[in-house]
Every structure is written in structure tokens, then in C-alpha cells.
Amino acid sequence: MAQALNDLLSEWIQTAFETVFSQDVEQIGRVTVVASARPEHGDYQCNDCMRLAKVLKQAPRQIAETFVSAVEKPDCVRALEVAGPGFINISLDDQWLAEWMASLADDERLGVPRQGEGTTIVMDYGSPNITKPLHIGHLRSHNIGSALDRVHRFLGYHVVADNHLGDWGTQFGITILGYRHFGDKQKMREYPLEELERVYVKSYEKTKEDSEWLDACRQELVKLQSGDPETLALWEDFTRWSIEELERVYARLNVSFDMVRGESHYRNKLKPIVERLEAEGLTRISEGATVVDLEEEKLPLAIVRKSDGGFNYATTDLATVASRIDEFSPERIIYITDERQQLHFKQVFAICRRLGITTRLDHVWFGLMRLPDATFSTREGNVIKLESLLDKAEELALNLVRESSSDMPSEQQQDVARAVGIGAVKYADLSQNPQSLVTFTWEKALALDGNSGPYLQYAYARIASVNDKYKVQFPETDPSAYPLQFTESIERALAIKILRFSESVILAADSYKPSALTDYLYELAQMYSTFYQNVPFLKAPEGVRESRVRLCGLVARVLKQGLDLLGLETPERI
RNA sequence: GUACCCAUGGCUCAAUUGGAUAGAGCACCUGACUACGGAUCAGGAGGUUGCAGGUUCGAUUCCUGCUGGGUACGCCA
């Protein structure tokens, strides 16, 4: 299956229009087909006749009727119907549908094309500042980034996922000096990140009222950046502890990277990139700092070298782009960060253009997570740690599992609770438009019913259970030996939903919205639940029974694959 | 002051990127033969899509202005 059905139909209708209206071929433009919102409007529809009324100088309805009576229908189309002002409603052929479903069943990719074959993408997500525990605000970049990573990989893109840790900034000066004065060696060994955070907060507080302290912090950073062995050793310890801690949380979250390179990785490339900018004549000195004017792009100027000679984050990001291009030659680099960095990336991208870099650079930003009453920050101390959210989610799920699956071995209950609890948290985040601002509430993050991860996992587990029962009751029969048939309308609707899986995966990738995939999966699960609840299958007559079991099997595979692309597990029993 | 984003039933969110009667979940109300797993299903009630204009055959979607909220704007990342 080389392409999704909507693309296939769009290509057909494009050439068909050009054939039927051959005298006006240059004026026709792009004609496409989209899925219909309501069953009365067919399975797919074409809305272009209204637009074409002007260029063809005919009534839209007339155009549609001319087209429908003149065109030769492809095998997959049963009927074309003109409706309303000039919509063309397309109904798929049942026989063709059954065959397409059969071919999906044989396809391990469930019809999803490898549209990204041969294309390399660097994805930059996660990227927390280290030496502090992750809080709930860190969930989004990791979660959205990881889902987009998986979706692109599945579409055949060569993805290089890099966790661009904040490990070289000013906060290290603050932390190191704080450690020297208030660090507790014992606690540092037991809870390194908690202790480092405590030390950071205390030291940060002091910078606000004590300018000598602030200068001393800057000195620590200078020592670090100039390679002072003792300071560097401290930095290495902090970094190692932080990464070990991160890896542990990442394992719980089921996120992983191809590489974990911090800003420090590029520390020797900062000076060269500024020199390159200078050589290109893009810089000037302003108040002692080296800056790039971006008036042409209607952006504020960007500082690439501070007046004290130090480099800042714009410099690091520029050096990082150059380095990634040298190393991976990607077609695209995607950054997944919160909305506050929009201007920053616009500036960085603009400077890259000035340097002649043509690689596509995308900034995927998402809305900040806030608490009902306020934004939170490490400095303010009103944070909810990511791990305590995960703990709470697992605990809640465990209570539920113990109640509903009391006969399950306790170890399995724990595993299920882990999958369901973490799934609930991740799904709640992924299922909304990334760009909307998220107000964190426990109720939302831990939702187990309605449009939630557990609802989908539950649907999956029910199918797994049905499959087992079928095998026990009919050990000798192989459902795949029976043809698919659609005796109830819900079965046909399910089949069409299943074959649209590829459309939703592509949409999620192209629009950078995992929510496109969650929406699809939720609708599929809803449809399946309706089917399950209202149509008997183990008790259905032979043939119908096998067809329905096959349909169930396909729904299960789509759910499993889809949830996997979102980073959710699908236990066989819940 | 400038730029970007958001505003949809009581609450949380959708709307196939300009299409037909704006869809779900939560909460609320009424139902489901001891049922292939009730974490479910069937149904009900709930809307002038922030306001005012404009473009279009057609606007929740695009444009302009306003209101309210968020974020960012030279040496933090």
C-alpha cells in the first residue's frame, strides 16, 4: 500500500476532472477528496465544484452533474452522488472494501506508507536543564516530542532524536557556588538532584540581594568554561548524577533518545560560529556585545556574544545547527519547546538563513502548563514533581485493577497499573492541541474514563479476551479463511475507520499534532465499543462470526500500533 | 509600546486546515435480557462559536478593529 486512501482518491479525481473538462484543464487547479463528516454524505466527498463555478462559468451543481455522468468510476467506488449546492459524495464499494481490509490484515504496517523514506530529520526535544528534578512542566516536551519522534520513524523518516540538555549555562555558576557553601555531602549521595536543587534555590535567592555573591557565581562559571580542573570535576559529578536520574524517569515514561548531548557538547564551536558571522559581515558591536541586526526580518537584534566575552544560548543554538548539519545532513531540524522560545528560534532561524543555511528549521511550540492559581517555577518552589504525578497515577490505577481484576496475580496487577496509570497521564497531555495552554489538574491528568488512555487500553484488552475465547471455543477454525462481510452498518463503518488509520498517522506527523492520532484512536475505540456492545459475534452464525472476529483483530492491531506510536502500552489483560 | 498565541454548552476539549444539521468526554437525568469483560453501551437535556464589522456561493476556521487572558521582547536558557 503505497498511499493512504484519501490521497489515492484525490489523485483519481484530479485526473478525472482534467479528463472530463479537458478544454479547461489549466484552470481546474487542485481537486481533492476528503472524508465525509456524516454517513448520509457518503464515505468521502469532493467539495471543489463550488470553487470551480467561477473558472468554468457554470453552476456548481451543473459541473458536479456533468462530472458524475461522464466519469468512469474506479473499482473502489460504488456510487457518486451530487448533493446540495454541488457536493460530490463518494461511496466505497463493499467488495473492494472487504478486499482492502484483507490486504491490511496481511500488512504489518496496516497500510501506513513509508512517506519519509530517505529523509533525515533531527528532532530536539526533552532538553531539560539538569541538576534539578523534573517537574510536571517537563512532561510536554518529552511527551509530545517522543510521540512525534515515533510517528515520524514509523512513516519511514530517519529520525535522529537528541536530548539537548541545559548543562552549560549560568545556572551552573549558581549551583556550584551554592554547593561549595551549603552542600551536604551525605544528602548529595542519597538524593543528588533534590540536594542540588535545594542548593540552587538557596544560592539563587542570595544572588538577588547580594551582588558580590552574583559576581562570585559568574566567576564560577568562568572557571568552569575556562577548564579549571576542580570545577570541571564538580560539573562532571553533577552531570552524571543528573543523567542517571533522568534515565530512570525516562524508563518510567517510556521515552528514549538516540543521543543525549548537552549544550556543553558544542562548547568549542561557539567561538568559530561567531567568527563566521563576523566574517560574513553580519555583526556589529553594541554596548560592548556582538549583535546581529534582524531589522529586515522585523525582529529585534540578537546577541551572539556578551560584553564580558561570554557566549549565550543563541550562540549555542547556532553552533548546534551548524554541527548537526555537518554531522547528519538532515533535510529538517525540529525543535519541540514551550511557547516562550518562539522569538528566540525566529531569531536563530533568521541568522541561519543569513548564513546561507537552507535546511528546513521548524519550531514546534506548545502552551505552558500551569497550575489553577499560578504558573510554577523551581525558584518559587510551587512545583509538582513529575515523579509524584507518576506515582499517584500508578497508585490510583492499582486500586482500580485490584477491584476489577481481583483474581490477577499481584505482580501482574502492578504491571497493569503501571501501564494504565502512566498511559492516563501521557494520553491526557497528548490528546489536546499542543498549542493550547494547559492548566494542570489532578482530575484531568488521572482521568480513566471517557476520552482517556485507559479507555483505549480497555477496548484493546476486551478484544484480546474475545480472541482467546474464540480460540477456546473454535480451536479448529481459522477466521482468515473466511471472507469479510458487512452485515451491520456499524461493521462497515468500522472497516472504513480502520482503513483511515494511515491518514491520521500522516496528519499527526505533518501537522505536528499527536492529538490528530488520539482523536482518531478514540473514535475507533468508541465505534468498536458500540459494535461490541450491540452486535454478538461469538454467538453469531459461522461465517459472520469469523468475519467479525477478523474485524476485531484488525481493530486490536490498529489500537496497539496507534498507542505504541503515542508511547502507551497495551496490556492483554486489564 | 511591539510581536506571537488563546477565547466554542456548567467544566475539559474536537471540528478532516473554507464545506452540508458545530461533535465528544466530565458532571446531571432515564434506561441496558446474571453480560463475548458494566473502566462499557443506548437515550435525554444543555450552543447567537468573546464583541463589532468585512471577504465568500458558504466562516468556529481567513482579514480589520475592540474586549479579556497568556507569553516574549540586548547581555538567563
Side-chain angles (χ1 to χ4, degrees), chain A residues 6 34-38 40-41 45 47 50-51 53-54 59-60 83-87 89 127 129 166 168-171 174 263 286-291 298-308 310-314 316-317 337-344 346-347 365 367-368 370 375 397 400-401 403-405 420 428 431-433 435-437 439 441 443-444 447-452 454-455 457-459 461-470 473 500 503-504 507 511 515-516 518-520 522-523 526 529-540 548-549 552 573-574:
Chain A
N6 60 343
V34 297
S36 303
R38 305 167 166 276
E40 316 87 271
H41 300 151
Q45 60 178 279
N47 305 328
M50 278 73 79
R51 171 181 67 78
K54 248 180 209 147
F87 296 103
N89 294 335
S127 312
N129 285 332
W168 202 244
T170 309
Q171 95 260 24
I174 298 172
E263 296 169 329
S286 167
E287 297 171 30
T290 307
V291 303
K298 295 192 176 125
L299 295 170
L301 59 77
I303 294 179
V304 293
R305 183 163 204 171
K306 299 187 276 187
S307 52
D308 67 2
F311 303 103
N312 60 3
Y313 59 110
T316 306
D317 274 327
T337 81
D338 72 56
E339 58 180 316
R340 290 175 299 189
Q341 301 199 32
Q342 286 180 87
L343 175 59
H344 164 65
K346 277 183 190 165
Q347 291 175 315
W365 58 266
L368 278 176
R370 17 181 29 233
T375 25
L400 202 57
V401 174
E403 213 170 284
S404 60
S405 304
V420 171
S431 63
Q432 55 191 307
N433 184 341
Q435 301 191 335
S436 54
L437 178 144
T439 302
T441 62
E443 190 195 359
K444 217 186 337 171
L448 301 171
D449 49 12
N451 186 1
S452 71
Y455 176 89
Q457 290 168 320
Y458 178 70
R462 288 211 292 195
I463 300 174
S465 164
V466 163
N467 265 330
D468 288 353
K469 291 224 163 70
Y470 178 85
Q473 288 179 35
R500 295 191 54 205
E503 292 173 28
S504 78
L507 182 63
S511 63
S515 58
T518 63
D519 286 350
Y520 166 83
Y522 179 59
E523 285 165 16
Q526 261 185 321
S529 297
T530 297
F531 170 59
Y532 175 87
Q533 206 84 16
N534 298 301
V535 180
F537 32 95
L538 289 184
K539 292 170 191 155
R548 287 178 181 165
V549 167
C552 283
R573 293 284 176 279
I574 279 190

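Values below: all heavy atoms of this structure, side chains included; hydrogens, waters and symmetry mates excluded. As the structure is a prediction and not an experimental result, all values here were calculated from the model. Letters A, B, ... mirror the listed sequences (proteins, then strands); counts begin at 1.
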Would you check if [X] stacks with the base of [N], given a 5.5 Å centroid limit and a 30° plane limit, both strict?
| X | N | value |
| --- | --- | --- |
| A/Tyr522 | B/A24 | no |
| A/His344 | B/A77 | no |
| A/Tyr532 | B/U40 | no |

How many Å lie between [atom1] on [X] and [atom2] on [N], as a whole number?
| X | N | atom1 | atom2 | value |
| --- | --- | --- | --- | --- |
| A/Tyr458 | B/C41 | OH | C1' | 10 Å |
| A/Asn47 | B/A59 | CG | C1' | 14 Å |
| A/Leu343 | B/U71 | CG | C1' | 11 Å |
| A/Gln432 | B/C5 | CD | C1' | 15 Å |
| A/Arg340 | B/U71 | CZ | P | 9 Å |
| A/Lys298 | B/A72 | NZ | C1' | 19 Å |
| A/Lys54 | B/U56 | NZ | C1' | 7 Å |
| A/Glu503 | B/U17 | CD | P | 11 Å |

Would you give the length of the straight line joining atom NE2 of A/His344 to atom CG of A/Asp317, rounded to the nearest 0.5 angstrom?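 A/His344 atom NE2 to A/Asp317 atom CG measures 3.5 Å (nearest 0.5 Å).
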Taking the side chain of [X] as its heavy atoms from C-beta onward, which of [options] lies nearest to it?
| X | options | value |
| --- | --- | --- |
| A/Gln526 | B/C36, B/U16, B/A24 | B/A24 |
| A/Ala461 | B/G37, B/A39, B/U17 | B/G37 |
| A/Asn129 | B/A14, B/A77, B/A20 | B/A77 |
| A/Val466 | B/G37, B/A39, B/A20 | B/G37 |
| A/Asn534 | B/G37, B/A42, B/U40 | B/A42 |
| A/Arg573 | B/A77, B/A39, B/G37 | B/G37 |
| A/Tyr313 | B/A77, B/C75, B/U40 | B/A77 |
| A/Asp519 | B/A42, B/A20, B/A14 | B/A14 |
| A/Phe87 | B/A20, B/A39, B/U21 | B/A20 |
| A/Gln533 | B/G19, B/A3, B/A32 | B/A32 |

Any side-chain N or O of [X] below 4.0 angstrom from OP1/OP2 of [N]?
| X | N | answer |
| --- | --- | --- |
| A/Arg462 | B/G38 | yes |
| A/Ser36 | B/U16 | no |
| A/Ser404 | B/G37 | no |
| A/Tyr455 | B/C41 | yes |
| A/Ser436 | B/C6 | no |
| A/Lys444 | B/C13 | yes |
| A/Arg38 | B/G23 | yes |
| A/Gln342 | B/A72 | no |
| A/Lys306 | B/G74 | no |

Compare all side-chain heavy atoms of A/Arg548 with those of A/Phe531 and state whether any distance is below 4.5 angstrom. yes
Could you check whether any side-chain heavy atom of A/Arg462 comes within less than 4.5 Å of a side-chain heavy atom of A/Tyr532, counting everything from C-beta outward?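 They are in contact (side-chain heavy atoms under 4.5 Å apart), so the answer is yes.
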Report yes or no: is there a donor-acceptor pair, N or O only, under 3.5 Å between the side chain of [X] and the base of [N]?
| X | N | value |
| --- | --- | --- |
| A/Ser529 | B/C41 | no |
| A/Glu339 | B/U71 | no |
| A/Asn89 | B/A20 | yes |

So which heavy atom on A/Met50 is nearest to which on A/Pro60, and how close? CA-CB, 3.8 Å
Closest approach of A/Ser307 to A/Glu287 (non-hydrogen atoms, all atoms of both residues): CB-O, 3.8 Å
When we call it a touch if two heavy atoms are under 4.0 Å apart, what does A/Ala516 touch: a base, just sugar-phosphate, or nothing? nothing
Could you give the distance separating B/C73 and B/C66 at their C1' atoms, to the nearest angstrom? 24 Å
State the dot-bracket string of RNA chain B. Criteria: Watson-Crick or G-U wobble, both atom distances under 3.5 angstrom; notation: ( ) intrastrand, [ ] crossing earlier pairs, | interstrand, . unpaired. (((((.(..((((.....[...)))).(((((.......))))).....(((((..]....)))))).)))))....
Enter syn or anti for the glycosidic conformation of B/G74, syn applying to angles within 90° of 0. syn
Base of B/U21 relative to its sugar, syn (within 90° of 0) or anti?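 Chi for B/U21 falls in the anti range.
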